[in-house]
Structure formats: structure tokens, C-alpha cells
Amino acid sequence: MTLTPQPSDKFTFGLWTVGNPGRDPFGEPTRKALEPTYTVEKLAALGAYGVSLHDNDLVPLGASLGERGRIVADFKGALDNTGLSVTMATTNLFTDPVFKDGAFTSADARVRAFALQKTMQAMDLGAELGAPTYVFWGGREGAEVDAGGNTVDALAHFREALNFLCEYSQSQGYGFRFALEPKPNEPRGDLYLPTVGSALGFISTLEKPEHFGVNPEFAHDTMAGLSFPHALAQAIDAGKLFHVDLNDQKPGRFDQDLRFGAENLKGAFFTVKLLEDSGYSGPRHFDAHALRTEDEAGVWDFAEGCMKTYLILKKKARQFNEDREIQELIAAYKVRDERLEGLSKTFSRENAEQLKDTRFDLEALRSRGPGLERLDQLTVELLMGVR
Ligand code: GCO
Ligand code: MN
Ligand code: MN
């Protein structure tokens with residue numbers, strides 16, 4: 001297995017990720033902005049499969065129709081020349097101060113209506129570029145102050161907007177799959193729908209839930225001290241993993257968007273293993289950026305690093321699945337009992353009676369060591385390259 005990225009690996013980057021100029025709340029940009037067409041050429045040369053974008057990553061806010069036409073034509077030209085696809089599109093509903101107190105969830109009906117207008121236009125752009133997936137990240141959908149009484153209303157507004165936009169996509173024949181991207185906080189004090197579980201619960205309240213899934217992000221669960229592999233597993237279990245944002249993050253910090261695998265290698269390993277073992281076939285999308293310290297060369301090192309680390313971990317996941325000792329330990333850990341599994345699988349009065357009459361050897365259950373220390377150590381040795 002080669003460690004050089006190929007389009008078939010389905011690695012994708014947001015225009016805003018490698019294009020991040022290194023601005024932070026305390027300091028000015030440290031790098032020049034990159035032209036989208038240049039970004040496409042560089043990513044293609046590195047072996048990426050596609051790009052994703054917010055409307056305004058490509059077409060600046062307030063651009064005239066003529067300007068829009070020229071920009072989109074140039075961009076399409078770069079896509080054609082390189083063979084890169086646009087794999088996901090989304091709306092910037094967070095930069096313009098108009099969205100300072102929310103977009104779809106704003107308490108101001110005018111802002112909500114403007115957010116719908118902007119999103120329909122961005123969906124038109126996404127469809128024109130052939131994006132199959134449309135992401136909703138509620139960057140400003142949250143609050144610092146709950147005294148306005150918007151907490152329940154916000155959810156109703158959010159639902160209304162998503163139902164509206166789903167109908168718009170269908171009426172235009174766009175056929176988008178929608179992915180909600182949860183985040184616990186930042187830029188708002190608290191964001192609505194902060195976790196994968198809350199997004200999944202919310203989706204079941206929409207008019208056409210079958211068109212909606214989630215776009216979980218490694219950093220977002222990690223910021224809140226939660227396990228990203230567990231969040232990912234819940235999305236997979238629900239059949240709702242429509243897209244994924246890969247990066248890294250130290251727990252309990254501001255949103256760092258570190259290079260994939262830069263911080264928590266074990267978490268990254270189990271993320272890759274889940275994606276590969278589950279048969280997820282969507283883009284492996286990196287939503288991260290180079291450190292503010294870096295120049296442009298550092299940006300491409302960052303992008304190569306994300307992809308290479310993924311490929312190394314994919315190789316390690318295969319090795320893990322083929323490692324006899326590890327697989328024996330897992331088989332021993334997952335204790336089987338045909339009779340009890342048969343009785344527990346589905347309820348019947350008879351199964352219930354038999355279970356109630358069963359005598360368990362509790363002493364054996366209490367004293368059994370499941371072998372997890374050995375299993376975890378072997379995982380660490382495998383990751384460190386000595387197995
Ligand atoms: C963040 C988010 C965003 C979204 C992007 C696409 O923390 O800023 O992860 O990068 O993913 O807006 O929806
Ligand atoms: Mn993020
Ligand atoms: Mn993201």
C-alpha cells in the first residue's frame with residue numbers, strides 16, 4: 001500500500017483550510033490569501049480528490065453577476081484541468097455582522113429571511129459546481145445570553161429553515177444530501193445542537209429526515225472533552241454519516257484545527273479504523289489549517305501531512321485486523337453464549353421466563369479479567385511500529 005495520496009483515497013480539503021491566512025483573535029494574518037484556482041492545482045498535484053467551499057470562499061460577498069460568472073468559469077476551468085471534484089458546498093452564515101446573533105435561529109425575522117436567501121443562492125452555486133452534499137454548520141446559531149427567551153424558539157426556527165431548504169433543493173432538482181455539523185461552542189458562547197447526538201435527535205423532528213445526516217468533526221467533540229470515535233460510531237450506527245471533518249485538537253482548548261493526527265494519535269487511529277471498517281465511502285475531508293507560524297511551504301506540508309497520516313493509520317488498521325494475537329484477544333474479550341444470546345435477542349414471554357429462571361455464576365463474572373491491558377498495549381506497540 002502506497003503512502004502517496006491518490007484520488008481514489010478520496011481526500012478533500014475546504015478552500016478555507018489551506019487558504020487560511022493565519023489570522024487569530026489576537027493577530028493579523030501571517031500569510032497571503034490563496035487564489036481558489038491555484039489551491040485546486042496545488043491540491044491536485046498532492047493527490048487530493050476534491051475541494052469543498054463556502055459560497056464566499058469563491059465568490060466574494062456583494063460580487064456583481066458578471067464578476068460571479070467570471071470567477072465561477074475560471075474555477076470550473078481549474079476543476080476540469082485537474083480532474084478535482086467539488087464534494088461539498090456550504091454557506092458562510094457567520095462572517096457578516098448581520099449574523100452576529102444567529103442566522104436561521106436569529107430572533108430577528110429579517111435576518112432569518114436573509115439567511116434563507118443567502119443559502120438558496122449558495123445552493124445554486126453548489127449545484128452548479130456539482131456538489132452532492134450540502135453542510136449546515138451553525139457557526140452563529142447559539143447564544144451568550146438566554147434572557148431573550150429564544151432557546152426553544154431557536155430550534156423551531158432552525159427546523160423551519162431546514163425544511164424550507166430541503167424543499168428548495170428538491171424543487172430545483174439539486175438532490176443534495178444535507179449534513180448537520182454539530183459544535184459545542186465557538187464562535188458563540190454556546191451553540192445550539194452541540195453534539196452528534198443532539199443533531200441526530202433534531203433530524204428526527206424534520207419533515208424529510210431521510211435527506212439529512214451529520215458531518216461530525218474530530219475537534220468539536222474533543223473540545224468538549226468527549227470521544228470523537230464514540231460520536232462517529234453513533235453516526236454510523238444511525239446510518240447518518242453523510243460527511244466527516246478530520247483534524248485534531250487538545251481537549252478543553254479554543255478551536256485549534258490542528259493537522260489530522262497531530263495531537264491524539266490513538267483517537268485518530270480509531271477514527272480511521274471506524275471509517276474504513278464501516279465501509280464509509282464519502283470524502284475524507286480535512287477541516288484544519290496550518291499553524292499560524294507557517295509560510296506557504298508549511299501549508300502544503302500540513303496538507304500532505306493530513307493525508308499521509310491518514311494513509312499510515314489506514315495501513316495500521318489493516319495490520320490490526322490481521323494481527324492474530326490481537327484478534328484472539330478481541331475474540332476472548334467478546335464472550336459468546338449461544339443459549340443466552342438467543343434468549344436475550346428478542347422478547348417473548350417464554351424467553352423472559354427462561355431468563356428469569358437462569359442462574360448466573362456471578363463470582364466468575366466478577367472475577368474475570370477481560371485482557372484489555374494487553375490489548376491496549378499491543379495497539380500502542382502496533383502504532384509505534386514495533387509490531
Ligand atoms: C468551524 C467549522 C467550520 C465548518 C465549515 C463548513 O469550526 O469553524 O468546523 O470549519 O466545518 O463552515 O461547514
Ligand atoms: Mn471546526
Ligand atoms: Mn468543520
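Atoms within a ligand are numbered from 1 in the order they appear, just like the ligands themselves.
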Original post:
Which word best sums up how the rings of Phe178 and Phe176 line up, parallel for under 30°, tilted for 30 to 60°, or perpendicular for over 60°?
Top reply: tilted

What is the name of the N/O/S atom in [X] that sits closest to the Mn ion (ligand 3)?
X: Asp245; answer: OD2
X: Glu217; answer: OE1
X: Asp287; answer: OD2
X: Glu181; answer: OE2

Original post:
In the protein, what heavy atom is nearest to atom 3 (C) of ligand 1, and what distance, to one decimal place, separates them?
Top reply: Asp287 OD2, 3.5 Å

**OP:** Determine, using heavy atoms of Phe136 and all atoms of ligand 1, whether some pair is separated by less than 4.0 Å.
**Re:** no

Subject >> Glu186 heavy atom under 4.0 Å from ligand 1 >> reply: no

Residues [X] and [Y]: side-chain donor-acceptor under 3.5 angstrom:
X: Arg159; Y: Thr205; answer: yes
X: Asn264; Y: Lys250; answer: no
X: Asn56; Y: Lys118; answer: yes

Original post:
With atoms numbered from 1 as shown, which atoms in ligand 1 lie under 4.0 angstrom from a non-hydrogen atom of Thr90?
Top reply: 6 (C), 13 (O)

Subject >> side chain to side chain donor-acceptor pair (under 3.5 Å) evaluation trace for Tyr310 with Glu276 >> reply: CA-CA 11 Å; Tyr310 189 102; Glu276 297 301 323; 2.6 Å; yes

